[in-house]
Number of protein chains: 2
Amino acid sequence: MLNAVQVSLTPEQKFQEYLSSRPRVQRFTGQQKDMVRFIFSSHEHFDADSLLEEMRKASLVVSRATAYRTLTKLVDAGLLRRLVTGSRTTFEHDYGYPQHDHLRCMVCSKMIEFENPELETKLKEVALAHGFQIDKHSLIVQGTCAQCKKAKNARRKLDLI
Amino acid sequence: MLNAVQVSLTPEQKFQEYLSSRPRVQRFTGQQKDMVRFIFSSHEHFDADSLLEEMRKASLVVSRATAYRTLTKLVDAGLLRRLVTGSRTTFEHDYGYPQHDHLRCMVCSKMIEFENPELETKLKEVALAHGFQIDKHSLIVQGTCAQCKKAKNARRKLDLI
DNA sequence: ATTCTTGCAAAGCCTTTGCAACTGC
DNA sequence: GCAGTTGCAAAGGCTTTGCAAGAAT
């Protein structure tokens with residue numbers, strides 16, 4: 001996990017700020033508070049389904065529809081970031097977290113985060129050369145993590161016996 | 001558009017080779033031939049739907065199911081590459097085309113391709129540092145292309161009148 | 001009171017699949 | 001003739017939405 005970035009507001013406060021700054025003021029409800037607290041109490045990557053499941057285990061109940069609606073708001077508020085991997089949408093912390101990219105293990109689905117400023121610089125150079133204005137980027141490197149690679153090799157050796 | 005890479009087989013030949021090398025030999029049918037020819041007659045990025053539409057305009061008829069089934073085979077055969085952008089899957093040429101990444105304009109949806117070997121090198125370094133074995137990567141930079149940026153600025157000036 | 005949020009169930013969207021008819025080899 | 005392919009329509013998986021009931025300000 002990467003080091004947190006210094007921020008002055010808690011995620012809850014930041015979300016409230018967002019909600020009350022909308023053209024039509026939105027409300028900060030109990031379920032939403034539960035979601036924000038739950039989500040920011042750990043640093044996992046998650047999707048709508050796993051979030052609901054984990055929350056249910058913690059006796060926090062939110063309907064599927066509300067979960068999707070709130071996740072959308074959290075993304076708009078800059079608290080979460082969407083990662084488009086395959087069929088499902090994965091979410092991760094954005095607020096209070098540095099810009100980073102991902103190595104994704106195709107065996108165990110683990111997401112390994114990394115920061116690389118030189119990479120960012122390269123992207124800016126490329127964009128500049130094309131007169132392109134960057135809004136954001138998504139970089140996901142797929143492959144096999146060290147652990148799974150080791151396991152695979154061990155299995156291969158066994159097969160030879 | 002980037003420069004093509006030298007290849008010895010036509011896409012059709014490459015696909016035939018793939019089909020006949022399967023554990024259970026697969027057939028190269030008329031519809032599949034139509035698809036391969038049509039797809040490799042231009043260098044556009046496309047999704048299943050736009051492909052069907054364009055083919056229909058050219059009086060080439062393939063059912064939706066067959067299109068999806070054949071696209072999957074073409075990806076497995078190394079002729080096409082999948083790009084996961086949002087809800088729909090976008091495809092692009094892989095065979096005979098250099099490794100590259102994309103700038104995607106959020107206004108006009110245009111895909112601008114670019115090659116950057118230093119970027120690849122950086123990725124390899126990062127992976128090595130994590131004992132991670134790279135299979136492939138997907139990098140899509142979202143933003144506004146030069147053309148749309150200009151149009152936007154022009155509109156802004158008009159608004160001030 | 002008014003306006004936003006919730007939950008349910010239904011619909012939407014893209015993609016996959018079961019099955020009977022068909023076709024390449 | 002056998003094994004793989006096609007098209008249709010139906011099902012699948014994830015996400016969004018209409019609507020009536022409920023809750024926040």
Side-chain angles (χ1 to χ4, degrees), chain A residues 12 15-38 45-56 59-77 80-92 109, chain B residues 12-13 15-38 45-56 59-77 80-91 109:
Chain A
E12 250 174 279
F15 192 40
Q16 287 203 48
E17 190 178 86
Y18 166 81
L19 292 172
S20 55
S21 72
R22 297 289 79 197
R24 303 197 181 169
V25 173
Q26 301 187 339
R27 289 167 194 161
F28 191 40
T29 65
Q31 282 102 318
Q32 290 176 352
K33 188 172 294 185
D34 285 350
M35 283 184 63
V36 175
R37 284 194 180 155
F38 188 85
H45 290 79
F46 61 90
D47 58 38
D49 224 55
S50 65
L51 175 66
L52 285 169
E53 193 184 329
E54 292 302 314
M55 286 187 71
R56 214 169 287 128
S59 307
L60 295 170
V61 181
V62 184
S63 78
R64 191 165 294 275
T66 297
Y68 276 106
R69 284 191 273 235
T70 304
L71 286 171
T72 302
K73 291 184 183 186
L74 290 171
V75 170
D76 289 345
L80 294 180
R81 196 184 291 139
R82 280 191 147 85
L83 299 180
V84 181
T85 323
S87 53
R88 324 181 136 206
T89 301
T90 301
F91 296 88
E92 66 169 6
S109 298
Chain B
E12 249 174 277
Q13 292 170 331
F15 192 40
Q16 286 204 50
E17 190 178 87
Y18 166 82
L19 291 172
S20 55
S21 72
R22 298 288 79 198
R24 302 198 182 168
V25 173
Q26 301 187 338
R27 289 169 193 159
F28 191 40
T29 66
Q31 282 101 317
Q32 290 175 352
K33 188 172 295 186
D34 285 349
M35 282 185 64
V36 175
R37 284 194 180 158
F38 188 84
H45 290 78
F46 61 90
D47 58 39
D49 225 54
S50 65
L51 175 65
L52 285 170
E53 193 184 328
E54 292 302 315
M55 286 186 72
R56 215 167 286 128
S59 306
L60 295 171
V61 181
V62 184
S63 78
R64 191 165 294 274
T66 298
Y68 276 107
R69 284 191 274 235
T70 305
L71 286 171
T72 301
K73 291 185 182 186
L74 290 171
V75 170
D76 288 346
L80 294 181
R81 195 184 292 139
R82 278 189 149 84
L83 299 180
V84 182
T85 323
S87 52
R88 325 180 137 207
T89 302
T90 301
F91 296 88
S109 297

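Quick note on labels: first sequence line is chain A, next is B, and so on, each numbered from 1.
With rounding to whole Å, F91(A) atom CZ is found 13 Å from dC14(D) atom P. Atom CG in L52(A) sits about 17 Å away from atom P in dG13(D), given to the nearest Å. Summarising the geometry, the separation between CG on D76(B) and P on dT16(C) is reported as 11 Å, rounded to the nearest angstrom. Rounded to an integer number of Å, the gap from L74(A) CG to dT15(D) P is 15 Å. The distance from atom OH of Y18(B) to atom P of dG4(D) is 14 Å, rounded to the nearest whole Å. Between R22(A) atom CZ and dT25(D) atom P the separation is 18 Å, expressed in whole Å. Between the P atom of dG24(C) and the CD atom of Q16(B) lies a distance of 14 Å, rounded to the nearest Å. In this structure, M35(A) places its CE atom 11 Å from P of dG7(C), rounding to the nearest Å.
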Acceptor/donor pairs from residues 66-77 of chain A side chains to any protein atom, 3.5 angstrom cut, sequence neighbours excluded:
unit_1, atom_1, unit_2, atom_2, d
T66(A), OG1, S63(A), OG, 3.1
T70(A), OG1, T66(A), O, 2.8
T72(A), OG1, Y68(A), O, 3.0

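When the local axes at the two ends of the helix from dA1(C)-dT25(D) to dC25(C)-dG1(D) are compared, using 5 base pairs at each end, they differ in direction by 30° after rounding to 10°.
Take R37(B) and apply the salt bridge (Lys or Arg N to Asp or Glu O under 4.0 Å) test, not counting sequence neighbours, and it matches E12(B). For F91(A), the ring-ring contact (aromatic ring centres under 6.0 Å, His included) partners are F46(A), not counting sequence neighbours. Residues satisfying the ring-ring contact (aromatic ring centres under 6.0 Å, His included) test with F28(A), not counting sequence neighbours, are F15(A).
At distances below 3.5 Å, at least one donor-acceptor pair connects side-chain atoms of Q32(B) with backbone N or O atoms of T29(B).
Within the 4.0 Å cut-off from OP1 or OP2 of dT15(D), at least one side-chain nitrogen or oxygen of Y68(A) is found.
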| Yes or no on side chain to side chain contact (heavy atoms under 4.5 Å, CB included) for M35(A) and L51(A), after CA distance, side-chain angles and deciding distance? | CA-CA 9 Å; M35(A) 283 184 63; L51(A) 175 66; 3.8 Å; yes
Please write out each protein N/O paired with an N/O of nucleotides 5-10 of chain D under 3.5 Å, distance rounded to 0.1 Å.
unit_1, atom_1, unit_2, atom_2, d
dT5(D), OP1, R27(B), N, 3.1
dT5(D), OP1, K73(B), NZ, 3.0
dT6(D), OP1, T29(B), OG1, 2.7
dT6(D), O3', Q31(B), NE2, 2.9
dG7(D), OP1, Q31(B), NE2, 3.1
dG7(D), OP2, S63(B), N, 3.1
dG7(D), OP2, S63(B), OG, 2.7
dG7(D), OP2, T66(B), OG1, 2.6
dG7(D), N7, R69(B), NH2, 2.7
dG7(D), O6, R69(B), NH2, 3.2

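Taking 4.5 Å as the limit, every side-chain heavy atom of M55(A) sits out of range of all side-chain heavy atoms of V61(A).
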